[in-house]
Amino acid sequence: MLDLLKEPVLAVQEFVVLAGRAFQNIFRKPHYFDDVILQMDTIGVGSLVVVVLVGLFSGVVMALQMSRALAQYGEVEKTGTLVAITLARELGPVLTAIMMAGRNSSGIASELGSMKVTEQIDAMRALGTDPIQKLVTPRLVATCFMLPLLTVIADFVGLFGGWVIAIVKLHLTSRLYWTSSWQALEWNDVAQGLIKPLVFAVVVSLIGCFYGLRASGGTQGVGRATTQAMVAATIMIFITDVMITEMFVSQGVS
Amino acid sequence: MAETGSPSVLRFENVTVSFDGEAVLRDVSFEAFEGESRVILGAAGSGKTVLLKTALGLVQPDSGRVLVFGKDLGKMREGQLFDIRSRIGMVFQESALFDSLNIEENVAYPLRNQKSIRCPAGEVHGRVEQALDFVELGGTLEKFPAELSGGMRRRAAIARAVVTAPPLVLYDSPSAGLDPITAHTIMALLIKERDMTQTTTILVTYRYQDGNLMANFRYNSKQGRLEPARHSDGPLPCTTFMVLREGRLVFEGDQDRLESTADEYISKFCKHRE
Ligand SMILES: Nc1ncnc2c1ncn2[C@@H]1O[C@H](COP(=O)(O)OP(=O)(O)O)[C@@H](O)[C@H]1O
Ligand SMILES: [Mg+2]
C-alpha cells in the first residue's frame, strides 16, 4: 500500500519543486525574452483559430439551450444575461483552457520529451544553461499572458454567437441582448473570469513541462508523456475550477 | 598510466550511482591526468554514458566523490558546476544537437551561454566558422540538424564541444551507429583535436578499433591524416584502457596488458584488432 503511494507522492513533490524553480526564475537572470516571444506566438497566436471557433459555438449553443429553458418562464429576453454569465464565469475560461491543454500541454510535453530522450536537455546543462530557466519559465510566462487574453477573446466571440441566435432565432432586438448581457456582469464575474485562466495557464504550461522533462524510454516514452500531460492537465483544470468557484461562492459575492 | 607530475583532471573515488534503487555504477575509482587519453570499453548498458554524465555533474552519485580539475563536484552549487562544465567538452552519443537551432547557432551556443567563457559577440561568428572548418563542415552553417547525415551531425557535435577550447573532452560512443568509413573519419577528427590542442581525452566506446586508433596513431598536421605513432618523432600519446562490466570497473591498464588478459569478457573486446 505504501509502495503504491510512493510513486504519486514523489511525482507531486517533483512537480512542486519544478513549479517553485520556474516561478523563482521569473525574477532571476538570465532572462530569455526571445523564447518568451516565440512561445507567445506558438501558444497564443497558434491557438487563436481554435479558441475563436470554440467560443463562437459555445455562445450559440448556450443561447439556444437557455432560450428554451427561459421560454418556460416567459423570460426569453434574459438570454443575454445567462449567456454572458455562463461564458464569463465558466465556459470561456474552462473551454479555452481545455483547448490549450489539448493543444499546448501535449505540445510542450512532446517537444521537451523529445529533447529529453535525445539528451538535448543534458546538453543544455552541459553547455551552460539551466533547462528550467531556458525552457520552462518562458513557457509559463507566455501561457500566463496568452491564456487570459484568449479567454477574453473567447468570451466576446461567444457573446457574439449568442447575439446571432438572439436576432435570427429568438427575434430579440440587438439593444435588448447587449444591455441585458452587459448589465448582468458584475466585477466578481470579471474577477473569476480572469483569475481562472491565470491559474489554468500555470496548470497547462507546468504540467506539459513536467511530463516532458521526465520522459524516458525513446520515442515511445515521448508519446506516453504527451498523452499523460494532456489527461493530467484536463483533470487539473476541472479540479482547480471547482476550487476557485467554491472560493467565490462561499465568499457570498457570487 | 599515470604520468607522475601531471595534475589530476578527473578523479572518481568509490563512485556508486543508482536509478530507482538499482546500481548502474558500482564503486568505480580511477584517476585521469592532464594530457592523457583514456578509452573506456563496455557493452551496451554497462554504464558508460552514466559515467560521463557523472563526470559532468549531470548525474549525482549516491556515494563516493567525483573530482574534476581537483575540485569536488559534490561540494558545488549549480553556479559553480556551470563554471566547471564550461571547461569540459562533451560529445553526446546521438550528437544531441538542438533541433530548433541551425548548425551555426548550435556551435555558437556554448560561446553565448557559458558565463565563464565571455566571448565577445563580435568574435562568435569567426570562432564558429573556425570550429566548423576544423571538423571539415564549413558551409553548413545555415542547415538544421535534421538536414544533416549522422556523420555530419557527429562532426557538428564535436565542433560544438571543442569551440570553447576546453582542456578536457569527453566523447560518448562517437562512432556508434556509423558506417566503418565515417566512423574512421570521426575517430581521425578526435585524434586531430587531441594532438593539435593537447587536450585530455576520454573516449567511451564499445569498438576496440577506436581505442586502438587512439593508442597507436597520431595526427600528422602536415599531411592532414593519421599515421602510426611509432613512425613519428616526439613522445607517444599515453593511452589507458578501462573496461566496464555491469557498472563495475573490471580492468584498468595499458593496451598490452589489456590484450594479454585472460578474462573472457575483457578479451572479447580486443579480439577484433585491426
Ligand atoms: N536516467 C536514467 N534513469 C534510469 N535508468 C537509467 C538512466 N540512465 C541510464 N540508466 C540505466 O543505466 C544503465 C547504464 O546505462 P548507460 O550508461 O546509458 O549504458 P551505456 O554503457 O550503453 O552507455 C542502463 O541499464 C540504463 O537503463
Ligand atoms: Mg551510452
Side-chain angles (χ1 to χ4, degrees), chain A residues 2-3 6-7 10-11 14 17-18 20-22 24-25 28-39 41-43 107-108 110-136 138-139 212-219 221-222, chain B residues 19-21 49-50 52-60 77-101 105-119 145-146 153 156-157 160-164 166 168-170 172-173:
Chain A
L2 267 178
D3 267 6
K6 204 172 136 195
E7 183 102 339
L10 281 180
E14 236 178 274
V17 170
L18 175 75
R21 289 180 54 194
Q24 263 177 17
N25 284 343
R28 263 197 209 156
K29 279 188 183 177
H31 300 291
Y32 298 104
F33 292 114
D34 294 357
D35 292 284
V36 176
I37 302 293
L38 191 74
Q39 290 306 320
D41 188 45
T42 37
I43 292 170
I108 291 172
S110 72
E111 190 186 357
L112 300 203
S114 31
M115 291 183 76
K116 175 75 193 306
V117 301
T118 55
E119 296 185 314
Q120 289 176 55
I121 304 280
D122 283 318
M124 227 169 220
R125 293 173 68 198
L127 297 174
T129 38
D130 171 11
I132 296 184
Q133 180 82 280
K134 174 91 178 153
L135 298 172
V136 179
R139 282 165 177 77
L213 289 180
R214 73 199 303 243
S216 65
T219 39
V222 178
Chain B
F19 292 111
D20 312 317
T49 301
V50 172
L52 293 186
K53 287 186 183 169
T54 312
L56 276 168
L58 298 174
V59 169
Q60 262 71 46
R77 284 179 290 113
E78 192 72 6
Q80 296 167 298
L81 276 177
F82 279 128
D83 282 351
I84 283 279
R85 287 182 197 138
S86 71
R87 297 170 64 197
I88 309 174
M90 168 83 178
V91 177
F92 287 89
Q93 186 157 351
E94 296 296 336
S95 306
L97 296 171
F98 301 122
D99 290 326
S100 56
L101 304 180
E105 291 162 336
N106 260 290
V107 178
Y109 197 93
L111 294 175
R112 296 209 174 107
N113 289 289
Q114 302 272 31
K115 272 192 227 96
S116 44
I117 297 287
R118 291 203 189 86
C119 176
R153 277 205 294 275
R160 186 176 70 176
V162 304
V163 71
T164 54
L168 168 65
V169 187
L170 316 175
D172 191 356
S173 316

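Convention: sequence-line order gives letters A, B, ...; per-chain numbering from 1.
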Original post:
Are side-chain heavy atoms of Arg160(B) and Leu127(A) found at a separation under 4.5 Å?
Top reply: yes
**OP:** Test Asp99(B) against Met115(A) for side-chain contact (heavy atoms from CB on, under 4.5 Å), laying out the working first.
**Re:** CA-CA 8 Å; Asp99(B) 290 326; Met115(A) 291 183 76; 5.7 Å; no
Subject >> Check: Lys53(B) and Arg125(A) side chains under 4.5 Å, non-hydrogen atoms >> reply: no
**OP:** Please flag which part of Phe98(B) lies under 4.5 Å from any non-hydrogen atom of chain A: side chain, backbone, both or neither.
**Re:** both
Original post:
For Gln114(B), is it the side chain, the backbone, both, or neither that has a heavy atom closer than 4.5 Å to a heavy atom of chain A?
Top reply: both
Subject >> Between CG on residue Asp122(A) and CG on residue Asp172(B), distance to nearest 0.5 Å >> reply: 10.5 Å
Original post:
Taking the side chain as C-beta and beyond, is there a heavy-atom pair between Thr129(A) and Tyr109(B) under 4.5 Å?
Top reply: yes
Original post:
Can you tell me how far CE of Met124(A) sits from CG of Leu58(B), rounded to the nearest 0.5 angstrom?
Top reply: 13.0 Å
**OP:** Taking atom CD of Glu78(B) as the centre, report whether more than 12 heavy atoms of other residues, nucleotides or ligands fall under 6.0 Å from it.
**Re:** yes
Subject >> OG1 on Thr118(A) to CZ on Phe92(B), rounded to 0.5 Å >> reply: 10.5 Å
Subject >> Proximal component of Leu81(B), with respect to chain A [non-hydrogen, under 4.5 Å] >> reply: neither
Subject >> CG on Asn113(B) to CD on Gln133(A), rounded to 0.5 Å >> reply: 11.0 Å
Original post:
Which one of Thr49(B), Ile88(B), Leu97(B) has the most heavy-atom pairs closer than 4.5 Å to chain A?
Top reply: Leu97(B)
**OP:** Give the minimum heavy-atom separation between Ala123(A) and Ala96(B), together with the two atoms involved.
**Re:** CB-O, 3.8 Å
Original post:
Between Ser95(B) and chain A, which part of the residue has a heavy atom less than 4.5 Å away: side chain, backbone, both or neither?
Top reply: neither
